[in-house]
Amino acid sequence: MNTLLLGISLDFGRIHNEHVMLAAIGVSVVFLALLILAIIYTNIPKILNMRVRNLFKKENGRKPEKGEITDVSGEVNAAIGAALHLYFNDMHDFENTNLTINREVKRQSPWADKQQVHYQYRVNN
Amino acid sequence: MKSKLSVDSRMRHFLTVMAVLAIVLLGSAFVNNSPTPATDVQQTSEVMVSNSQPVTSASDVASVRPVKPIPKGFDGIKQFWQYTGFYNCQRGHLIMILVAFVFIFLAIRFEFEPMLLIPIGVGIIIGNIPFAEGAGLQIGIYEKGSVLNYLYFGVQKGVYPPLIFLGIGAMTDFSSLISNPKLMLLGAAAQIGIFITFWVALSLGFTPTQSGAIGIIGGADGPTAIFMSSKLAPELMGAIAIAAYSYMALVPIIQPPIMKLLTTKKERVIRMKPPRAVTKVEKILFPIIGLLLTCFIAPSALPLLGMLFFGNLLKESGVTKRLANTASNALIDIVTIILGMTVGASTQATQFLKPESIEIFILGALSFMVATACGVLFAKIMNLFLRGDNKINPLIGNAGVSAVPDSARVSEVQGLKYDPSNHLLMHAMAPNVAGVIGSAVAAGILLSFLY
């Protein structure tokens, strides 16, 4: 038994085989769970991109090289997004500059017709 | 102007007198620090009960509710005095109130986890306002029927931790983890601290169940620590919860020296490959696969992991935005406020200040340091097998403990110290969220062995 600070004493004899076993199993299971999850997630993009790969193969007559379809980095995506944003933002600078004058056709309406109103006024008075 | 000045000076005089009075009363509490002041009040209350039927427990008082005569004259003043905090104050209460001030100071001055330390700090003050504990007033957190006791029920029965996990899930973006799955292993490595602390706690004389609950502090996961202690060692819950949350807040102080000690200058400037873009389908599949896999392995962690992945699916599905918003904002805020306050209030000096609490604090620090060291060292071991730009900067190893996102922020800050253009935050978030899953799985394993 080792006495440490503040009268706290350590007795490693209290650690029995079952406690060692528990810790060993615990660490292994945590690693196993996350390892399996890692393996699944390393392979999921391959499964998801299988259709795209087949399409690529059909169109180009060759298998896509590593990283040709998948593995687009976030930076590349951000750059594409920024470029698209700038492009669409500047679209109004390239509007058609030809001005045309369209003749407006007014619809005849007894409510809005000035002449009609004047005529009515004269008749009534 | 003159009258204003005189009002000010009068106010100052009044405040001075009040302060002196408060100091005198505090001093008297120290001098007359009777070990069991509550017994006097209890006797008084027993005398006051009509038909001279003594009422001893809080629940009895609640059910009987006797009509008590109002004490007259000096007896009334005496009774009032016996009910005041000054009369019932013990040294422990003042120590705990000082601890609360430290928590509040750290939160406001240095912004160490203010969302946690402010509620906990105020909770400690609330829990340590001295009162007549034996009088059956039903105000203390440990008194059956009190409002605080009802709120504490959620801590005792492990109701709040899963709700917090729901919010964490709805807030967490797992894309950095999905884009670089091998970093999950760092989250697993940091959990070794839990099991080493379990051994040390055993050798200190704690029972296996108590040791399991103490060890989980190394996971740096407050809700998991509370969940575990509610199941394995309810008697140590206050100390474990306070230790877990304190060390989570002290991540920026505890971790950097260990990270520096275990890494070389060359390793600290390793640049990692930028994470790839993750598709929506991958993000949706992650919580479903994660839930099925981890809960099939460790079903005991179902309340935590189930809620974590459920919250994440709410976020990633994109069709339940309102639910995700509620889980990640209103719900988690409400639960954090209640949890922090009740955990703080559970540190009532008469129940909390024991030698075991100090041992738990020491073990918690050890657990945290071992977890950090294991994460960093495992990153170095992984580097032995990795080539080129696949290498890992060991400064993200510390993020294997699940103090989200503080430990990832520590990685970022430390990385920038050695290379101002090397941002590690996104990379560090991967082991950080893996640590949340890892600590919940570790908790599940401990529960299945010890509960």
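If you're wondering where the values come from, they're calculated on a predicted model, not measured in any experiment. Note on naming: letters A, B, ... go to the chains in the order of the sequence lines (proteins, then strands), and numbering restarts at 1 for each one.
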Contact origin within Ile44(A) toward chain B - heavy atom pairs under 4.5 Å:
side chain
With sequence neighbours left out, what residues match Phe174(B) under ring-ring contact (aromatic ring centres under 6.0 Å, His included)?
Phe286(B)
Can you give me the closest heavy-atom contact between Leu204(B) and Arg14(A), atom names plus distance?
C-NH1, 3.3 Å
Mark yes when over 12 heavy atoms from residues, nucleotides or ligands other than Asn17(A) sit less than 6.0 Å from its CG; otherwise mark no.
no
What are the two closest heavy atoms between Glu282(B) and Leu48(A), and how far apart are they?
CG-CD1, 3.4 Å
Which atoms form the tightest heavy-atom contact between Val441(B) and Ala33(A), and what is the distance?
CG1-CB, 4.5 Å
So what's closer than 4.5 Å to chain A heavy atoms on Leu450(B): side chain, backbone, both or neither?
side chain
List the steps, then state whether side chain to side chain contact (heavy atoms under 4.5 Å, CB included) holds for Phe31(A) with Ile192(B).
CA-CA 10 Å; Phe31(A) 265 98; Ile192(B) 295 172; 4.2 Å; yes
Using non-hydrogen atoms and a 4.5 Å limit, figure out which bit of Leu37(A) sits close to chain B: side chain, backbone, both or neither.
both
Whatever's closer than 4.5 Å to a heavy atom in chain B on Ile36(A) counts as both
Which of the residues Ala298(B), Pro355(B), Ala189(B) is involved in the greatest number of heavy-atom pairs with chain A at under 4.5 angstrom?
Ala189(B)
Given Leu185(B), Thr294(B), Ile297(B), Leu446(B), the one with more heavy-atom pairs under 4.5 angstrom with chain A than any other is Leu185(B)
Between the CG atom in Leu34(A) and the CG atom in Leu293(B), the distance rounded to the nearest 0.5 Å is 8.5 Å
Below 4.5 Å, heavy-atom pairs only: which of Leu22(A), Val20(A), Leu35(A), Thr42(A) has the largest tally toward chain B?
Leu22(A)
Specify the closest pair of heavy atoms between His19(A) and Pro208(B), including all atoms of both residues, with the distance to one decimal.
NE2-CG, 3.8 Å
Under a 4.5 Å heavy-atom cut-off, does chain A meet the side chain of Leu202(B), its backbone, both or neither?
both
For Thr279(B), is it the side chain, the backbone, both or neither that has a heavy atom under 4.5 Å from a heavy atom of chain A?
side chain
Would a 4.5 Å heavy-atom cut-off, applied to side chains only, mark Tyr41(A) and Leu177(B) as touching?
no
May I ask you to test the Pro45(A)-Arg276(B) pair for a side-chain heavy-atom distance under 4.5 Å?
yes
